[in-house]
Amino acid sequence: MGIKFLHLNRFIWVTFLGLLVVSCTKKSKIEQEVEQVPIALSVERFDKIFYETPVSDFKKMRQKYAAFFPNQFPDSLFISKMQDPLYRELYTEVQKKYADFGPVQTEIEEVFRFMKYYFPNKPLPQKVTTLISEMDYQNKIILTDTLMLISLDLYLGKEHKFYEFPEYFRQTFERSQILPDIVTAFSETVTPPPTDKSFLGQMIYFGKELYLKDAMLPHYSDFNRIGYTQEQLEWCKENESEIWRYFIEENILYDTDSKLIQRFIAPAPFSKFYLEIDNESPGRVGIWIGWQIVRSFMKNNEVSLPELLQLDAKEIFTRSKYKPKK
């Protein structure tokens, strides 16, 4: 019995080690190559600098960080903000959530490696600056060749007491949305704006952005990439063929009516088919369909990521061979 047990133990250990080896090699070849891309990134916590600087040192701070203090605004305006109890409470909440920014910095460095891997000639900033932006939800991330700003007050969690936004906005105010929002900001710097003003052109433009997230956030779930809930994503999957049939039957793919943007592209509580299913649907289903078209195109064509971004919508659609799942 002892010998058999020993053999069993050996079998278990061999099996375990084999599984361990497999798990350690699960990374794709691309991911292994990306790991070798050098990235030098520092973080400046301007949110801390602003709220922890004594008022007596304000002028020194303003001089050192002049870019954050437009000349047309007097010192008194910023000093008032530094001392405002509500802003100070918001600052406290940010520090509770992001006292240690190290894990986020590591994730940002990883996504920067993907950016540099796919776009080696594209300049990237070497410093990330965190701040509190007065709930400017339209500028959660600002990214240029030399600068990246992250508004931490907009990543406190969708149920945070400070948020008085509709739920479809709040669900993107999670920590898990920092990296997808960074890729969105990056996409705007490498993807030419659509010259095709049709509904299809808009769908494919945002589909390209989401495909960048496929490439640069390989371990993210689809619902986090697009900023949906799991339930909203499942609704799109289950109704993909019906959504597509509606777009075809209504003959709107090449329509340039701007109302289609509001109905199916722009953030909204639901999409507007003007049918009973509207309240069940998530907003932005046009973007989701555009994503599936771009995915189908990349599956059926040997095209690099930078090349994809340069192609026009009609060519992508024609060569995609897209057929919705039934």
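Residue indices begin at 1 and follow the sequence shown. Source: prediction; values computed, not measured.
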On the 0 to 90° scale, with breaks at 30° and 60°, tag the Phe169-Tyr137 ring pair as parallel, tilted or perpendicular. tilted
Salt bridge check, Lys127 against Glu44: does any charged N sit closer than 4.0 Å to a carboxylate O? yes
Ring centres of Tyr228 and Tyr168 under 6.0 Å apart? no
Do the side chain of Ser281 and the main chain of Ser271 share a donor and acceptor less than 3.5 angstrom apart? yes
How about Phe50 and Phe78: are their ring centroids closer than 6.0 Å? no
Please say whether more than 12 non-hydrogen atoms of neighbouring residues, nucleotides or ligands are located less than 6.0 Å from CD in Glu109. yes
Verify the distance criterion only: is there a donor paired with an acceptor across the side chains of Glu315 and Thr318 at less than 3.5 Å? no
Thr184-Lys213 side chain donor-acceptor pair, cut-off 3.5 Å: yes
So, do Leu156 and Leu90 sit near enough that their side-chain heavy atoms are less than 4.5 Å apart? yes
Got Asn224 and Gln177 here, is their nearest side-chain heavy-atom distance under 4.5 Å? yes
Beyond-backbone contact of Asp196 with Gln202, side-chain heavy atoms, under 4.5 angstrom: no
Give me the atom names and distance for the closest heavy-atom approach of Thr229 to Phe223. O-CB, 3.7 Å
Counterpart residues, side chain to side chain contact (heavy atoms under 4.5 Å, CB included), relative to Asp100 (two or more places apart): Pro103
Can you find a heavy atom in the side chain of Glu164 that is under 4.5 Å from one in the side chain of Arg170? no
Regarding Glu52 and Tyr91, do their side chains bring together a donor and an acceptor under 3.5 Å, going by distance alone? yes
Quick check: do Tyr322 and Val294 have side-chain heavy atoms less than 4.5 Å from each other? no
For Phe119, which residues count as a ring-ring contact (aromatic ring centres under 6.0 Å, His included) partner, sequence neighbours excluded? Phe186
Basic-acidic side-chain contact under 4.0 Å: Glu110, Arg113: no
Answer yes or no on whether Lys272 is positioned over the face of Phe270, meaning its NZ or CZ is under 6.0 Å from the six-membered ring centre and within 45° of the axis. yes
Tyr117 and Ile30, any side-chain heavy atoms less than 4.5 Å apart: yes
Measure from NZ or CZ of Arg295 to the centre of the six-membered ring of Trp291, then state whether that distance is under 6.0 Å and the direction lies within 45° of the axis. yes
Any luck finding a side-chain donor-acceptor pair between Ser133 and Ser151 under 3.5 Å? yes
Correct closest heavy-atom pair for Asp153 and Ile132 would be OD1-CA, 3.5 Å
Heavy-atom neighbours of Glu89 CD exceed 12 at 6.0 Å: yes
Could you check whether any side-chain heavy atom of Phe68 comes within less than 4.5 Å of a side-chain heavy atom of Met61, counting everything from C-beta outward? no
Closest non-hydrogen atom pair, Glu107 against Tyr220: OE1-OH, 4.4 Å
Go through Met203 and Ile287 one step at a time and tell me if the side chain to side chain contact (heavy atoms under 4.5 Å, CB included) criterion holds. CA-CA 5 Å; Met203 287 199 298; Ile287 290 176; over 6 Å; no
For atom CG of Asn251, is the number of surrounding heavy atoms from other residues, nucleotides or ligands below 6.0 Å larger than 12? no
Considering only heavy atoms from C-beta outward, does the side chain of Phe317 approach that of Phe297 to under 4.5 Å? no
Side chain to side chain contact (heavy atoms under 4.5 Å, CB included), that's the test. Do Leu260 and Phe247 meet it? Break it down for me. CA-CA 11 Å; Leu260 292 170; Phe247 290 168; over 6 Å; no
My understanding is that only residues two or more places apart in sequence, or in another chain, count here; which of them pass salt bridge (Lys or Arg N to Asp or Glu O under 4.0 Å) with Asp145? Lys122
Axial cation check for Tyr87 ring with Lys81, 6.0 Å and 45° limits: yes
Distance-minimising heavy-atom pair for Pro125 and Leu147: CB-N, 3.4 Å
Are there more than 12 heavy atoms of other residues, nucleotides or ligands under 6.0 Å from atom CD of Glu302? no
In terms of relative ring orientation, are Phe199 and Phe264 parallel, tilted or perpendicular, with 30° and 60° separating the classes? tilted
